[in-house]
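A short write-up of the structure that comes next.
The basis for the numbers below is simple: all heavy atoms, side chains too, and nothing from hydrogens, waters or symmetry mates.
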Amino acid sequence: MDFSKCIEIISSWVWGWPFVILCLATGLYFSIRTRFFQIRYIKRMMKLLFRGKSSQSGISSFQAFVLALSGRVGTGNIAGVATAIALGGPGAVFWMWIIAFFGAGTAYIETSLGQIYKEKIDGIYRGGPAFYIMKGLGSKWYAIAFSIITIIALGTLMPGLQANAIGDAFYNSFTLDKRITAGIVVFLLALIIFGGVRRIARVAEIITPFMAIGYIIIALIILAINYQQIPAMFALIVKSAFGFHEALSGIVGAAITMGVKRGIFSNEAGQGTAPHAAAAAEVPHPVNQGLVQAFSVYVDTLLVCSATAFMILITGMYKVFDSAEATTVVMDGMGLSATMNEYGPIYTQLAVDSHIPGFGSPFVAFALFFFAFTTIMSYYFQAETNVYFLFRKKKTNFYAINLLRIIMLGITYFTAINKMTLAWDMADIGVGLMAWFNLIAVLLLQSVALKTFYDYESQLKAGSIQPTFNPEKLHIRNTNEWRTDKVKGER
């Protein structure tokens with residue numbers, strides 16, 4: 001058995017039906033326990049985005065939002081959506097929406113836990129699953145295991161996928177050798193990651209909103225041009241999701257699996273990545289950042305992923321493949337047919353090019369570059385946080401951090417110039433293992449997160465404009481950064 005086949009088998013084990021059920025059930029459970037805050041607090045989520053400022057120890061709520069969003073918005077939003085449609089049919093889009101809605105509940109819980117158990121290391125707030133596993137559950141081995149998995153996943157398995165997709169997109173548009181593209185990505189990445197967390201946050205703050213808005217505008221233009229086909233497109237998505245479409249009735253399982261799989265890969269709800277960025281924020285109450293991060297799931301999936309799906313489906317630039325045999329076409333697109341037998345960013349490039357010739361393909365290539373590049377930056381920040389967790393001594397930390405940087409840059413280049421399928425399978429293993437470990441921890445710590453949420457709501461009902469967090473009052477231990485003498489008002 002060759003290496004690629006072995007990786008594929010491991011990926012299928014990690015992402016089996018038990019995992020799909022765990023993700024959906026966890027999101028549903030937390031949505032019910034918070035009385036569907038995803039709907040009730042949408043207005044407040046948007047207001048909180050721009051409240052508060054950064055401090056010497058923490059970044060602002062908006063910076064933490066875009067830092068997490070830069071991790072969410074990446075290859076999964078363009079190549080990932082195309083892959084989901086290719087292997088799961090248009091119905092996969094529906095299940096991506098479902099996992100985003102319920103996933104917002106999971107995202108809230110994990111990111112608020114990241115805030116609750118954050119700590120200051122070298123003058124900067126750090127936090128994440130390893131921290132709340134150690135402090136909340138009191139399990140050192142579990143925390144160390146998660147940290148090691150996260151460093152391996154984010155530092156080696158996943159960055160190459162993002163760079164690989166960039167290489168594909170630029171080759172499709174400009175026939176640029178993938179080795180050149182990979183070299184440029186690695187060079188720019190090195191300039192930024194050696195600059196520290198604040199440089200990463202500043203770059204993400206500028207790039208991510210700009211590209212996301214531009215991408216959505218292009219999608220709206222294409223939808224406006226094809227407005228008469230919008231009802232048929234939504235009907236296709238819903239019918240395919242439940243097996244009501246004759247040509248796609250046999251792949252309902254693939255639609256659910258691919259929708260959940262690519263949805264989680266894209267929006268990262270429950271994966272354990274967003275808590276790292278959330279913990280870095282300076283806020284007066286953990287729920288503030290939890291709500292902001294839940295909103296980022298909506299932005300990622302309901303806006304950016306949907307933009308990609310709509311452009312592909314409404315222009316007909318896709319084919320659905322039998323997942324068991326990737327050369328067998330189950331169904332062509334509604335209108336124009338894609339002219340290739342592969343799936344990836346080219347679906348989206350063809351979709352935009354069909355309405356804006358000469359512009360679409362390069363635009364998607366550059367959009368993917370910025371999305372994927374900021375995602376790699378976010379991966380580095382999260383991997384670095386876990387290195388800080390494992391190695392507290394400054395000298396050891398210095399060598400460990402620089403070793404991480406060198407290894408990450410090298411593997412990013414190597415994976416970027418190899419086959420896309422291998423890159424996806426390796427990334428899926430990393431995402432899946434992190435999510436398994438994190439979701440179990442989050443479920444075990446649910447009482448802490450829910451107690452904090454109810455405290456926030458009670459303060460709002462009492463008339464507080466900006467609730468503050470007092471862990472001593474709630475009998476939550478190991479929260480030194482939130483001691484009463486350290487609680488800060490809104491800046």
Side-chain angles (χ1 to χ4, degrees), residues 1-26 71 74-76 79-80 82-84 86-88 92 95 99 129-130 141-142 144-165 168 251 253-273 321-326 342-344 375-376 379 382-383 386 404 407-408 410-441:
M1 185 184 298
D2 63 16
F3 177 73
S4 298
K5 187 65 178 175
C6 183
I7 292 294
E8 183 182 343
I9 292 172
I10 295 172
S11 177
S12 67
W13 288 344
V14 173
W15 284 90
W17 275 102
F19 181 68
V20 172
I21 293 169
L22 175 65
C23 292
L24 289 171
T26 302
T75 296
T83 304
L87 297 180
W95 294 106
I99 197 62
W141 73 266
Y142 197 171
I144 291 173
F146 181 87
S147 275
I148 293 171
I149 288 172
T150 302
I151 292 168
I152 293 172
L154 301 181
T156 63
L157 299 179
M158 294 168 69
L161 170 64
Q162 306 291 334
N164 191 294
D168 275 355
I251 60 169
I256 298 173
T257 303
M258 290 306 300
V260 172
K261 192 174 184 177
R262 292 291 159 249
I264 291 175
F265 187 93
S266 176
N267 65 48
E268 299 186 352
Q271 184 181 317
T273 50
F321 295 86
D322 185 335
S323 58
E325 181 56 58
E342 297 178 354
Y343 42 87
T375 297
I376 299 173
Y379 287 164
Q382 293 155 20
N386 283 276
L404 169 68
I407 291 175
M408 185 172 180
I411 291 185
T412 297
Y413 180 86
F414 171 77
T415 318
I417 62 176
N418 280 284
K419 290 183 179 180
M420 187 74 163
T421 51
L422 176 62
W424 272 115
D425 286 336
M426 290 177 67
D428 281 340
I429 291 172
V431 172
L433 288 175
M434 285 180 63
W436 267 109
F437 271 69
N438 182 58
L439 286 173
I440 292 170

Minimal non-hydrogen separation, [X] against [Y], with atom names:
X: Gly155; Y: Ala383; answer: N-CB, 4.3 Å
X: Cys23; Y: Leu439; answer: SG-CD1, 3.9 Å
X: Ile99; Y: Gly263; answer: CG2-CA, 3.9 Å
X: Pro159; Y: Ile376; answer: O-CD1, 3.8 Å
X: Gly430; Y: Ala153; answer: CA-CB, 3.6 Å
X: Val14; Y: Trp436; answer: O-NE1, 3.1 Å

Exercise. With the side chain counted from C-beta on, respond yes when Gln271 and Asn438 share a heavy-atom pair under 4.5 Å apart, and no when they do not.
Key: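 No. Closest side-chain heavy atoms not under 4.5 Å.
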[X] side, atom [atom1]; [Y] side, atom [atom2] - distance, nearest 0.5 Å:
X: Met434; Y: Thr150; atom1: CE; atom2: OG1; value: 4.0 Å
X: Ile440; Y: Thr26; atom1: CD1; atom2: OG1; value: 9.5 Å
X: Leu433; Y: Ile149; atom1: CG; atom2: CD1; value: 5.5 Å
X: Phe19; Y: Thr257; atom1: CZ; atom2: OG1; value: 11.5 Å
X: Leu404; Y: Leu154; atom1: CG; atom2: CG; value: 9.5 Å
X: Thr156; Y: Ile407; atom1: OG1; atom2: CD1; value: 8.5 Å

Quiz prompt | Partners passing ring pair (Phe, Tyr, Trp, His ring centres under 6.0 Å) against Phe437 (at least two apart in sequence or in another chain) | solution =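 Only Tyr142 meet the ring pair (Phe, Tyr, Trp, His ring centres under 6.0 Å) criterion with Phe437.
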Self-check item: Qualifying residues under side chain to side chain donor-acceptor pair (under 3.5 Å), relative to Ser147, sequence neighbours excluded
Solution: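 So Ser147 forms a side chain to side chain donor-acceptor pair (under 3.5 Å) with Asn386.
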Self-check item: For Thr273, all residues meeting side chain to side chain donor-acceptor pair (under 3.5 Å), sequence neighbours excluded
Solution: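 Applying side chain to side chain donor-acceptor pair (under 3.5 Å) to Thr273 gives Glu268.
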